[in-house]
Structure formats: structure tokens, C-alpha cells
Amino acid sequence: MSDSDDDSLQLSAHALAALQEFYQEQRVEEEKLSEALSGNVDSFHPQEDWQLSQFWYDEGTAERLAREALAVAGDNGRIACISSPTAYKKIRQLKGEGVRAYCLEYDQRFQVFGEDFVFYDYQEPLRLPEEFQNSFDLVLVDPPFLSEECLCKTAVTVRHLMKDKVLLCTGAVMTEVAERVLGVKPTPFLPRHTKQLQNEFRCFTNYNTVLLHTGQ
């Protein structure tokens, strides 16, 4: 057997292992979705889809953002979570009966959240239920892509939805654009993700924050 034959066998074994890993991940995803559809929605936590630029918050960040949102919205408030399903999920777990929260998301796996799910594509920023206009006490948003085009189009949605308050999480590189299109300022709080990101992330608000006064 030649060296080239050895290389082919090694590559084939590597490809087979990668394929098996992929199928295993698919089975896990299907099990999670099945469990969620059976009623245990709070357990639904799908794998990130990097093609959709998905990076989930870690537990501490999700809870901090959720508690901030709930404090700002009040006991009978309305919260819109745009492209931030992990924050929405934590809000769903912590909120009282009087609070209404929605998950505006492109990834249709999150339809498991039922009536709280609203399909959202930032490329069509005003394709939204008519009754949503200026009806939210807080809009919590994390645009999927670190680009001026994405943030500007998402800002159209934010302004359409909010009464007056927005909480934005995005890369520090977007600070100037964020201040210009949404009138927000950076807070000391630094969002963290379950996977390490090279880009520094920041949290911005256009109001006096309640719980985001510190970095941790």
C-alpha cells in the first residue's frame, strides 16, 4: 500500500468521524425539539447556527439582561426581544403573569415558543404585526451581524416597536453607529457568550440603566 493510499484512508476515517458527529448533533437537536413541542418549552436550547451568526449568551448574561428588562418594563409591561432568543427565554422563565414578552427571530426553530414567536427578518424591518407599533415598554435587541447595514435596518424595527426605551447588545466596533441611529450610550456591563468571541461586545441603553452599572 502506497503513502497516498494511507492518506486516503486517513481522510476517509476523518470524514466518517465528522459525519457521525454531525448526525449525533442532528439527533440531539431533534430530541430537544420533540421535547419542547411536547410541552417542556423551557428546556429548549438548540445548537447555535453559525450561518445565522448565532452566539448564545452565557447564563449570567441572560439573567442580567432579563432582570434589567423586567425592571424597566414593570409588572404589566411588554418586552420585544429581537434576535436575542436566549434573553427572551430567561425573561420567559422569570416574568410575572402580567408581563408579555415576544421573541422576534429569523430562526424558525423558535416557533416552539408558540404565540410569543414572531418571524423576523431584518431585511424587511417593518414586516410586523400592525398592533406592535410603539407598544413595547422595552425593546431588547442584538442584531445578528456586525455591520452598519444590519444595525441601521434593525434600528428601523426598534423605532417602530418601542415607546421610548431600547437595550442594545452588539460589538464595541458598532458604538458610533449605535449612538447615531438609536441615541444609545454604552453601559459598564459586558455581555458574555457560551463560546468565546474575538469581537468585544458591549451593552447600550438610551435610558438610565437599572442593573447594568457594573461590568460583571
Side-chain angles (χ1 to χ4, degrees), residues 26 28-49 51-57 59 61-145 150 153-170 182 191 194 205 210:
Q26 289 294 102
V28 170
E29 288 290 288
E30 290 171 1
E31 290 171 2
K32 289 178 180 178
L33 181 58
S34 176
E35 185 177 1
L37 290 172
S38 69
N40 191 9
V41 175
D42 288 340
S43 70
F44 183 60
H45 191 72
Q47 292 288 328
E48 297 155 326
D49 185 338
Q51 290 184 324
L52 297 180
S53 190
Q54 290 178 337
F55 301 96
W56 303 151
Y57 301 134
E59 182 68 15
T61 293
E63 181 162 348
R64 187 82 164 271
L65 294 175
R67 293 193 181 280
E68 170 76 10
L70 291 167
V72 172
D75 292 340
N76 296 295
R78 286 166 59 85
I79 303 168
C81 296
I82 302 176
S83 305
S84 49
T86 42
Y88 161 79
K89 181 181 173 183
K90 183 56 67 172
I91 290 169
R92 179 188 179 98
Q93 293 172 353
L94 298 176
K95 72 180 184 68
E97 292 184 1
V99 175
R100 190 65 197 270
Y102 290 89
C103 179
L104 281 67
E105 175 59 50
Y106 185 84
D107 185 346
Q108 301 209 36
R109 291 178 297 176
F110 291 99
Q111 289 186 74
V112 297
F113 292 130
E115 294 181 354
D116 289 356
F117 172 84
V118 177
F119 175 76
Y120 174 72
D121 182 350
Y122 82 89
Q123 298 281 10
E124 299 181 275
L126 295 179
R127 185 184 172 188
L128 299 162
E130 184 178 346
E131 64 271 18
F132 276 16
Q133 185 171 1
N134 303 130
S135 69
F136 289 93
D137 299 284
L138 181 74
V139 177
L140 193 163
V141 55
D142 188 338
F145 302 103
C150 180
K153 288 182 177 178
T154 305
V156 173
T157 305
V158 172
R159 291 193 296 267
H160 181 79
L161 294 176
M162 72 180 190
K163 293 178 180 178
D164 57 4
K165 294 182 177 65
V166 56
L167 193 168
L168 167 70
C169 292
T170 190
L182 286 173
T194 55
T205 67
V210 180

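All figures in this text were calculated on a predicted structure; none of them were measured in a lab.
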Side chains of Phe117 and Glu105 in contact at under 4.5 Å (non-hydrogen atoms)
yes

Indicate yes or no: at least one non-hydrogen side-chain atom of Phe110 is less than 4.5 angstrom from one of Lys89.
no

Please report the shortest heavy-atom distance between [X] and [Y], naming the atom on each side.
X      : Y      : result
Val99  : Gly74  : CG2-O, 3.5 Å
Tyr122 : Lys153 : O-CB, 3.4 Å
Leu128 : Pro125 : CD1-O, 3.5 Å
Ala71  : Val210 : CB-CG1, 4.0 Å
Pro143 : Leu168 : CD-CD1, 3.5 Å
Val72  : Lys165 : CG1-CD, 3.4 Å

Separation of [Y] [atom2] from [X] [atom1] (nearest 0.5 Å):
X      : Y      : atom1 : atom2 : answer
Cys103 : Gln111 : SG    : CD    : 10.5 Å
Leu167 : Leu182 : CG    : CG    : 11.5 Å
Gln133 : Glu131 : CD    : CD    : 11.0 Å
Leu70  : Asp137 : CG    : CG    : 11.0 Å
Asn134 : Met162 : CG    : CE    : 8.5 Å
Asp121 : Leu104 : CG    : CG    : 11.5 Å

Atom CD of Glu115: over 12 foreign heavy atoms under 6.0 Å
no

Examine Tyr102 together with Phe132 and report whether their ring centres are nearer than 6.0 Å.
yes

Do any pairs count as a side-chain hydrogen bond (donor to acceptor under 3.5 Å, both in side chains) and have a residue in residues 67-79, sequence neighbours left out, and if so which ones?
Glu63-Arg67, Glu68-Tyr207, Glu68-Thr209, Arg78-Ser135

Assess the residue pair Asp142 and Ile82 against the criterion (side chain to side chain contact (heavy atoms under 4.5 Å, CB included)); give the C-alpha distance rounded to whole Å, side-chain angles, the decisive distance to 0.1 Å, and a yes or no.
CA-CA 6 Å; Asp142 188 338; Ile82 302 176; over 6 Å; no

Going by the angle between their ring planes, with limits at 30° and 60°, are Tyr88 and Phe113 parallel, tilted or perpendicular?
perpendicular

Apply side chain to side chain contact (heavy atoms under 4.5 Å, CB included) to the pair Phe136 and Lys163, showing each step before the final yes or no.
CA-CA 6 Å; Phe136 289 93; Lys163 293 178 180 178; 5.8 Å; no

Verify, without hydrogens or angle tests, whether Thr61 (side chain) and Tyr57 (backbone) share a donor-acceptor contact under 3.5 angstrom.
no

Does a donor on one side chain and an acceptor on the other come within less than 3.5 Å for Tyr120 and Thr157?
yes

From CA spacing to verdict: side chain to side chain contact (heavy atoms under 4.5 Å, CB included), Cys169, Leu65:
CA-CA 10 Å; Cys169 292; Leu65 294 175; 3.9 Å; yes

Could you check Arg100 against Lys95 for side chain to side chain contact (heavy atoms under 4.5 Å, CB included), going step by step and ending with a plain yes or no?
CA-CA 8 Å; Arg100 190 65 197 270; Lys95 72 180 184 68; 5.8 Å; no

